[in-house]
Each structure stands twice: as structure tokens, then as C-alpha cells.
Amino acid sequence: MVNHEAALAVLRRDDASMAEVMRALTELDRAELNLRRQRIGIAANITLDLLALYLRRHAYLAGVRLEVHTGSYDNLLDDVQTCSARGVDHLLVIPFFDNLQASWEARIEGLSEAARQAPMHDYLARLELGLISASHLGNVFLCGAHAWHAAAAFDGADACSEGLAEFNAALRETATRHANARFIDLADIVATLGRQQAFDARFYYRGKAPYRPAFMNELARRVGLATRGFGGAFHKVLVLDCDNTLWGGVIGEDGIAGLQLDPHSYPGNIFWTVQQQVCALERQGVLVCLCSKNNEADVEQALTQHEHMVLRGEHVVARRVNWNDKPGNLEALAAELNLGLESFVFVDDSAFEVEAVRTRLPMVRVFQVPQRLTDYPAMMREIAALFLAGGLNAPDASRTRQYRQLAAAASLRAGFASQQDYLRSLGLKVRLQRDATEQIGRIAELTNKSNQFNLTTRRLMPGDVARLMQAEGATVYSFAVSDRLAEHGLTGVLITEDEGDAVLVHTFLMSCRVIGRGVEFSVWKRVLDDARSRGKTVLRAAYVPSAKNAQVADFFDRLGLPLTAQGDDGSRHYQAEVAQVQLADSNWVEIIDG
């Protein structure tokens, strides 16, 4: 019998040897586990056979059974096209600078400008052709190049350093031109590990395999972060304890004057730095909450009156400061924010509290403040990567303000005789766009993090969205919502595909921030108008149940579509005549095209 829990425990160990990792992967491969499946391709001008081992390691830790397609040696265009034809979910492109030509770094100093440029331009030209053929793939991770040898000049003014900087700038610019491409900085991994831990000259010169296992493990870990756990994780909420987590000391015993938060002395400078990191995350769209066993008045006094407090009340979207158990408080926060606990990250200094949350709420990602306090800022950078590695978009910024505005709207609603009177008072506007290529990243992000109001729960990556926008007979609608209280930003996606005389609903989802205002009904008139203009006579739609979307099981019924069939799995299927269907009324919402 396969002990998959023991195998996973081995994979979690930082000190696990390569042999132990291989044995654990073999055990997991044999286990009959109901895991999501993903495929990743690798295109590189060096040998990277062992990278597959570590990619699979981090995929299993994310609950994914990963299939890795390793390309042939230094055959960029064919590798990319092969991976594209296989339809991999992710593609990893790794150019090793020293191997653009044989011993490139040793030769570059003595070459003319034209001779230096030629190999780089050749690689970039092949890369561009490859990325065009891979435009339909979910994610392409374009890895930045780094030096094999230390710089010859300490000021970085030698030809190798200058050529490397120019090459990386071109790689970054290439990534920006392709909606499904993102840049990963490999030089940072070298700097983090050190050259001795990153490289092995023996295997580079014998078989063009320059990297040690530590480098490949770290690269695989970062790929896992960049893919949000290979498509399985989307963290939104950071929940912090207060005493000895947000500040040093215990507010109820030490008082404000006794708290350690001075930016110019240890250990206060550690907590002050961590608060700076937390505020940076809040500015980029992370929802920050407090969960502390404390007197609420004491915590409020610290937040408002301490001279060195960086995190203030306006940065915190919700809090549970009381003497209740923390797992229960986290559940209450999730209910208040209308978000799943799997999107929560929890930080506490107490091993007891961390273990209580880990045991009762295993879906929450938990971290304990390090015993060696100087490691705390590094741990916060690791936490930040959980939120940011997948790429937060500008419309998600200031989400704390948006959630506060939702609370204000709830209070205002109580003063109206009916819900419809209240909705009419809001001045709701929906700006509807079709195939807006500049929004591809945000649209893909919404398909991955929207769970509750999501009729089909299809998860799309940027390449999938780009492919649908380019496909004949498909339309990707995206809509932004505003009212007199707030600009809610891009909060909805509706995708249709033509099939014969019918138009099929591929995806319909909305952010929970704007549910229940009639917006969900308002956009369908435009969909039917577009269908008629293309000569379509039938609209078909389906509700596909998931663990979290039960609240929209009857949405198409409420919209006004006739139910035609129900599946044993709870799915519901609808069909309506475009010319005859009567849609639910939402005339208090103004639709603006474009």
C-alpha cells in the first residue's frame, strides 16, 4: 500500500536529498490520488533533465499531478512549436547566456559590436516566432539570463555585463508584447543561493548541465508560485495577530510606551519593517485583517496613537479582536468578506494558535513568526510571493477601500423602502467591452479567483483568453461597474461561442463585490443584440455545479431562460429563442458600450 502522506512529508522537507525526492515521487506516481493534472514544457539551450524532478515535487505539494515535456537540446523554435502543438498548460523558456554560442562570455570581449549582437538577435528572432506560435498557451515563462562567471569589471562596464543587460532588457520587452508571457529573473536565484550552490562546472563542461539541484529546486518553487500552485491557489487575504506579530510586546501588559516598534533600534526595527511590507501588499490589493486575543480598545489605541505605527485602521478591512478561538474568528472573517478560507494566509507568533488553525482549517496557509526574529522580513517576502507571484493587476489595488464602501452601502440600504428603490438610487453604470486585449491578464485572473458567482467555473490562463478573442465566432465580454459610491473596476466576464445557428455561453462570472445589484441581468440584452446581428436564433447556456457556486444554480431561471435538461451531477441546461426570450428586468442599470 502506498503511503502518500509520508511521501508528501519527504517532499516538504528542505533537507530532503535528491534520492529521497525521487523515491517520494515514485511513491506518489503509484498512488491512486484524485489530483488535478497539468502539463508544462521546457525549451532551453542547456541540459535540464533534472528540472522535471523538482517541478513535479512542487506540483505534488500543490495538489497537482504534473506531466513535464523536456525539449531537445538548444532547439528553441522546434521545442516551442512542439509544446504548443501538445497544448501544454505552461511553457518555460530558459536561455543560458554563456551558451548562446560556445563559451560566449569568454569570447564576447574581443568581438566587434556587430559580432556581439548577432547571436543575441538570432535568439530573440527565433523566440519571437516561437511565442507567436504559443499565443494560445496558458502561460509562457520567459526566464532572464544571468552570467556564468563573475563580472570581469567591478563596475559592470565590461562587454559581457553590458551585453547581458541588453539581452535581458530585450527579453523583458518581448514578454510585454505577448499577453500570456511573463518574465522570471533567474539572476535573483543565483544571488540568493550563491554561485557555489547554483552552479556545477563539471557537468556544464561535460554535458551542458550547469545547475546544481538547489538551483533547480528553487526555480521549480518559483514556477509554482508564478502559476499560483500550478493553477490551484489564489490568495487574497492576509490575517495578522497583533502582539509579537504586528509589534513587539503585549499591548495589554506593556502599554503603548512598552511596544517595540522603533525603526531605529532592535527589535522594533524588525516589526516596523514587517509593517512596511504589509502596507505595500495592501496598496497592491491584498486584504489585510487582524485576528488577535486582546481587548479591542487596547488594539485600537495602539493603531491610532503609537508614533511609529505604520499599519493604521484605514489599512485594515476587517478585524476580530476578542478572546474567542482563532479558527472560529477566521471563519467569521471569511463570512464577513464573503471569501473562501482557502484564500486566507494567517500569521501568528504562537505555535499553539498556528497549530490550532492548521488542524481545524487546513485550507488556510499558516505561518509562525520565526524564533530568530531577524528572519521575519524574509518570511514576509515569502508570504508576499503567494499574493504577488501570480501577478496582481492595477484594478485590484485599493480593494480595502472597496470592501469598506460595500459596508457603507449596506448601512445606507437600510434607509430605503425596497431593495429596488435603493438600487435605483445608486446610479449604477456598466461599461461593457468586447475582446479588449489590454484586459487579457485581468480577465484571466477573474476566471481563476471567482468561485461563488461563476456559472461554469472554467479556469482560463492569459493564452486561453487571447485565443478566444482571436477565434472566429467567439466574443469575450468584460464589464466594469461603477455607482455613486465607488468605482468597482473590471468585475465581470461573459464569453460566448457560436455553433451553427446558436450562440453558447462559455463563461459567465462576476466578482462577489457587485452581486445582487441587477448588474448580472443587465448585460444580456447586449449579448442577444449581438447574436441577432450575426444571424443567430438560439441561445444555449448551462450551469455546471462546483463546490462553491450553489448560489447561482438557478441564475438562468431567474434570467428568464427555459430549462431543458438536468444532469445527475446537478448541472442544468437551458435553451431560448433569441427573438422571443423575455429577460429579467434591470432597467436601473445604465449600459455603456466601449
Side-chain angles (χ1 to χ4, degrees), residues 237-282 286-337 341 344-361 364-384 400 404:
V237 185
L238 175 61
V239 185
L240 299 160
D241 178 37
C242 291
D243 294 332
N244 293 311
T245 300
L246 198 56
W247 52 67
V250 179
I251 181 66
E253 298 176 1
D254 302 319
I256 288 182
L259 296 186
Q260 298 164 334
L261 200 55
D262 189 326
H264 304 295
S265 62
Y266 178 84
N269 56 353
I270 299 290
F271 294 101
W272 186 84
T273 298
V274 166
Q275 287 202 22
Q276 294 285 357
Q277 293 172 299
V278 172
C279 284
L281 286 172
E282 190 275 336
V286 175
L287 297 175
V288 176
C289 299
L290 301 182
C291 181
S292 174
K293 289 182 176 178
N294 244 312
N295 292 321
E296 188 169 6
D298 291 342
V299 170
E300 179 64 20
Q301 185 182 27
L303 292 175
T304 57
Q305 297 182 21
H306 196 287
E307 63 175 327
H308 296 308
M309 191 70 61
V310 181
L311 190 77
R312 299 289 181 177
E314 62 266 24
H315 302 129
V316 179
V317 67
R319 63 181 83 172
R320 289 295 184 275
V321 181
N322 52 42
W323 299 99
N324 299 336
D325 67 275
K326 294 198 174 181
N329 276 335
L330 288 174
E331 289 175 324
L333 286 169
E336 178 179 343
L337 297 175
L341 282 164
F344 278 51
V345 176
F346 174 65
V347 183
D348 201 301
D349 68 298
S350 165
F352 171 83
E353 302 292 1
V354 165
E355 187 59 29
V357 172
R358 180 183 285 120
T359 302
R360 283 182 50 188
L361 304 174
V364 175
R365 186 72 182 267
V366 296
F367 289 85
Q368 184 178 352
V369 176
Q371 291 289 319
R372 188 169 63 182
L373 201 57
T374 50
D375 292 336
Y376 195 8
M379 189 187 85
M380 284 304 304
R381 287 193 294 273
E382 181 181 349
I383 291 171
T400 300
R404 288 186 178 280

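Model, not experiment: these values are computed from the prediction.
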**Fill in**
Between H315 and E282 the two heavy atoms that sit nearest each other are O-CG, 3.5 Å
**Message:** Are D241 and V347 packed together at the side-chain level, in the sense that at least one heavy-atom pair is separated by less than 4.5 angstrom?
**Reply:** no
**Prompt:** Should N295 and W323 count as side-chain neighbours, where that means a heavy-atom distance under 4.5 Å?
**Reply:** yes
**Item:** Atom pair SG (C289) and CG (L337), whose distance is rounded to the nearest 0.5 Å
**Value:** 5.0 Å
**Asked** How long is the span from the OG1 atom in T304 to the CZ atom in R312, to the nearest 0.5 Å?
**Response** 7.0 Å
**Prompt:** Measuring from N329:CG to C291:SG, what's the distance to the nearest 0.5 Å?
**Reply:** 4.5 Å
**Considering all heavy atoms, the nearest Q368-M379 contact** = O-SD, 3.2 Å
**Item:** Spacing of H306 atom NE2 and L259 atom CG [to the nearest 0.5 Å]
**Value:** 5.0 Å
**Message:** So, applying side chain to side chain contact (heavy atoms under 4.5 Å, CB included) with I256, which one of M309, Q305, E307 is it?
**Reply:** Q305
**Message:** Using modelled atom types and a 3.5 Å cut-off, is there a donor and acceptor pairing between side-chain atoms of E296 and backbone atoms of N322?
**Reply:** no
**Asked** Can you name the closest pair of heavy atoms from V321 and N294 and give their distance?
**Response** CG1-O, 3.6 Å
**Message:** For L330 versus F344, what's the shortest heavy-atom pair and its separation?
**Reply:** O-CE2, 4.1 Å
**Message:** Can you give me the closest heavy-atom contact between L311 and V278, atom names plus distance?
**Reply:** CD1-CG1, 3.9 Å
**Message:** I need the L281 CG to M380 CE distance, nearest 0.5 Å.
**Reply:** 6.0 Å
**Prompt:** Can you check whether S292's main-chain N or O pairs, donor with acceptor, with R320's side chain at less than 3.5 Å?
**Reply:** no
**Request:** Answer yes or no: is there an ion pair linking R319 with E300, defined by an N-O contact shorter than 4.0 Å?
**Result:** yes
**Request:** Search all heavy atoms of T374 against all heavy atoms of I270 and return the closest pair with its distance.
**Result:** CA-CD1, 4.0 Å
**Prompt:** To the nearest 0.5 Å, how far apart are CG in L290 and CG in L238?
**Reply:** 9.5 Å
**Request:** Would you mind listing every side-chain hydrogen bond (donor to acceptor under 3.5 Å, both in side chains) that reaches into residues 375-384, with sequence neighbours excluded?
**Result:** R372-D375
**Complete:** Residues pairing under side-chain hydrogen bond (donor to acceptor under 3.5 Å, both in side chains) where one sits in residues 246-272, two or more places apart or in two chains, turn out to be D243-W247
**Message:** Name the residue from L333, V366, L361, V237 that meets the side chain to side chain contact (heavy atoms under 4.5 Å, CB included) definition with F346.
**Reply:** V366
**Prompt:** Tell me the side-chain hydrogen bond (donor to acceptor under 3.5 Å, both in side chains) pairs involving residues 345-361, sequence neighbours left out?
**Reply:** T245-D349, K293-E353, D325-R360, K326-D348, E355-R358, E355-T359
